[in-house]
Amino acid sequence: MFPCLKLRLLEERLQCISDFQKPKILLEQYVTPSHLGSHMLYTIQSQYGDISGKLVADLGSGCGALTIGAAVLDASLVVGFEIDEDAIKICQENVIEHEISNIDLVQCDVLKYAPSRFNDCFDTVLMNPPFGTKHNAGVDMKFLEIALNLSHNSVYSLHKTSTRKFILKRAESLGVKAEVLAELVYDLPTTYKFHKKKSVDIEVDFYRFTKQ
Amino acid sequence: MKLLTHNMLTSKCIKGVSVGYPLKINASDVKETEIDFNPEFVSKMIPKLDWPVLYEAADSLGKVGDLPKNIIENFENDEDFLKKVHHIMLEVEIVNGNLICPETGRKFPINNGIPNMLLNEDEI
Ligand SMILES: C[S@@+](CC[C@H](N)C(=O)[O-])C[C@H]1O[C@@H](n2cnc3c(N)ncnc32)[C@H](O)[C@@H]1O
C-alpha cells in the first residue's frame, strides 16, 4: 500500500469540478463521475503508487476531472491533452478553483499530434477516452496505442466491457500486460440526443496496462 | 506553459517538417508559480531533458539566473542544483506568446498559459 489522500476527501474534491456547458456529442464529452473518478485515482495511487511524485498525462482531459484528481494526489506534473477550446476554458477555471499549479494543458488533437519527444517520457498515462461511435469506431484503441507510446510504465483507461476480448487480444499483440481492475457501471448522462431515457447505464472495465 | 512541457513539444507533425525541434519561444508574458520541491522527481527528469534546449529557453525568458550551462556531475546529491532545475522546469511559466516552428516559421499561439498545437487539414 502506498500513502494516499483519503478516498472521501478526494471524492469531495472531484465533486466540485464544473461540467461541460454544451457537451459536443462527436467528441464524447462527459465528465468522469466523481465517485468513479475518485475510486480510479485512489486505486492507482494506493495500490500501485503511480501518481504521487510522477509525471502523468491525461489524454482527452476535458474539464479536468482526472487531471485535477491526479494533481491533488501530488503528481509532480500532470499534462492534460485536449482538443476542445471550450472544455479547456472550463478546465482552467476548475484548476484555479482548486488552487493547484502542478498542471499544464496542451491543446491538440491527440490522434494527429504525435508528440514524438514525449514518447516513453511519462511515468503514468490516465484517460477516459472517447469510446467511439459509428463514425469513429475503434477510437479508444487508437488512444490506447498512443498512451502506450507516451508511457514508459503504466496506462490506466476505461473501455466498454463489451470489447474486453478484443482489448485483451490487442494488448497481447502489442506485448503489454493488461489487467481488468474493476467492472463498473457508468451512467452516461443523456447529452446524447438519440438516447430517449434520462441516462443510460453502460458497463465499462477499468484497466491497468503495463509495459514489460 | 512550463519549460518542462516546452522541452517536449515539437512541430514535426506539420507536413514536410523533419525535426521541428526545438520550438522557438516568443513570450510577451511570463509568470512564476510555486510547486512543491521533489528532489527524486527532478533527478529522474534531468537525464530525459534536452538540457541545452532547457537552458536556452530559460535564457530567452531572462530566467536563467545562475543555472549551469551543462549538467553537473553527481547532480543527484546537489540539492542546490536540483532546486534550480526544479524552478526552471516547473515554476517558470509562459502565459502569452508564440511557439515558432524552426523550419517553417509557423506560429503556435500560447494564450493564458495554453499552447495551441492544432493544425489545419492542409498542414498535415
Ligand atoms: C469522455 S471525455 C473525458 C473527459 C475527462 N478526461 C474526464 O475524465 O472527465 C473525453 C474527452 O476527450 C476529448 N477528445 C475527444 N477526441 C479528442 C482528440 N482527438 N484529441 C484530444 N482530445 C479529444 C473530448 O473533448 C473530451 O473532453
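Proteins get letters first, then strands, A, B, ... in listed order; numbering begins at 1 in each.
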Exercise. Measuring from B:Thr33:OG1 to A:Ile103:CD1, what's the distance to the nearest 0.5 Å?
Worked result: 11.5 Å
Seminar exercise, completed: Note: A:Ser76 and B:Phe41 closest approach over all heavy atoms is OG-CG, 3.1 Å
Problem set entry | Interface residues of residues 52-61 of chain B facing chain A - heavy atom cut-off under 4.5 Å | none
Exercise. Checking B:Ile14 against chain A: side chain, backbone, both or neither under 4.5 Å from a heavy atom?
Worked result: neither
For this session: Answer yes or no: are there more than 12 heavy-atom neighbours, outside A:Glu12 itself, under 6.0 Å from its atom CD?
Result: yes
For this session: Would you mind checking which part of A:Glu85 comes under 4.5 Å of any heavy atom in chain B, side chain (CB onward), backbone (N, CA, C, O), both or neither?
Result: neither
Exercise. What option among A:Asp120, A:Leu55, A:Ile100 has the most heavy-atom pairs under 4.5 Å with chain B?
Worked result: A:Leu55
Exercise. Just wondering, are more than 12 heavy atoms of other shown residues or ligands nearer than 6.0 Å to CD in B:Glu32?
Worked result: yes
For this session: Dump the intermediate steps for side chain to side chain contact (heavy atoms under 4.5 Å, CB included) on B:Leu4 and A:Val79, then the final yes or no.
Result: CA-CA 10 Å; B:Leu4 172 56; A:Val79 185; over 6 Å; no
Exercise. B:Asn38 versus A:Asp74: any side-chain heavy-atom pair under 4.5 Å?
Worked result: no
Problem set entry | Worked check of side chain to side chain contact (heavy atoms under 4.5 Å, CB included) between B:Leu119 and A:Lys112 | CA-CA 9 Å; B:Leu119 294 170; A:Lys112 291 186 186 143; over 6 Å; no
Problem set entry | Within 6.0 angstrom of A:Gln21 CD, more than 12 heavy atoms from elsewhere | no
Exercise. Any chance CD of A:Gln47 has more than 12 other-residue heavy atoms, nucleotides or ligands included, within less than 6.0 Å?
Worked result: yes
Seminar exercise, completed: In terms of heavy-atom contacts, B:Lys48 and A:Cys121 come closest through NZ-O, 3.0 Å
Problem set entry | Proximity of residues 100-116 of chain B to chain A, residues having a non-hydrogen atom under 4.5 angstrom | B:Asn112, B:Gly113, B:Ile114, B:Pro115, B:Asn116
Exercise. Given that the side chain runs from C-beta out, which part of B:Leu90 has a heavy atom under 4.5 Å from chain A: side chain, backbone, both or neither?
Worked result: side chain
Exercise. Any chance NZ of A:Lys177 has more than 12 other-residue heavy atoms, nucleotides or ligands included, within less than 6.0 Å?
Worked result: no
Exercise. Roughly how far, to the nearest 0.5 Å, is the NE2 atom of B:His6 from the CG atom of A:Asp104?
Worked result: 12.0 Å
Problem set entry | Beyond-backbone contact of A:Asn102 with B:Asp36, side-chain heavy atoms, under 4.5 angstrom | no
Exercise. Can you say whether A:Val106 sits under 4.5 Å from chain B via the side chain, the backbone, both, or neither, judging by heavy atoms?
Worked result: both
For this session: Heavy atoms only: give me the nearest A:Phe118-B:Leu9 pair and the separation to one decimal.
Result: CE1-CD2, 3.6 Å
Exercise. Do the side chains of B:Asn7 and A:Arg117 get nearer than 4.5 Å, heavy atoms only?
Worked result: yes
For this session: Check for a donor-acceptor pair, side chain of A:Ser101 on one end and backbone N or O of B:Ile35 on the other, with a separation under 3.5 Å.
Result: no
Seminar exercise, completed: One option among B:Glu93, B:Glu91, B:Met45, B:Lys44 has the most heavy-atom pairs under 4.5 Å with chain A, and it is B:Lys44
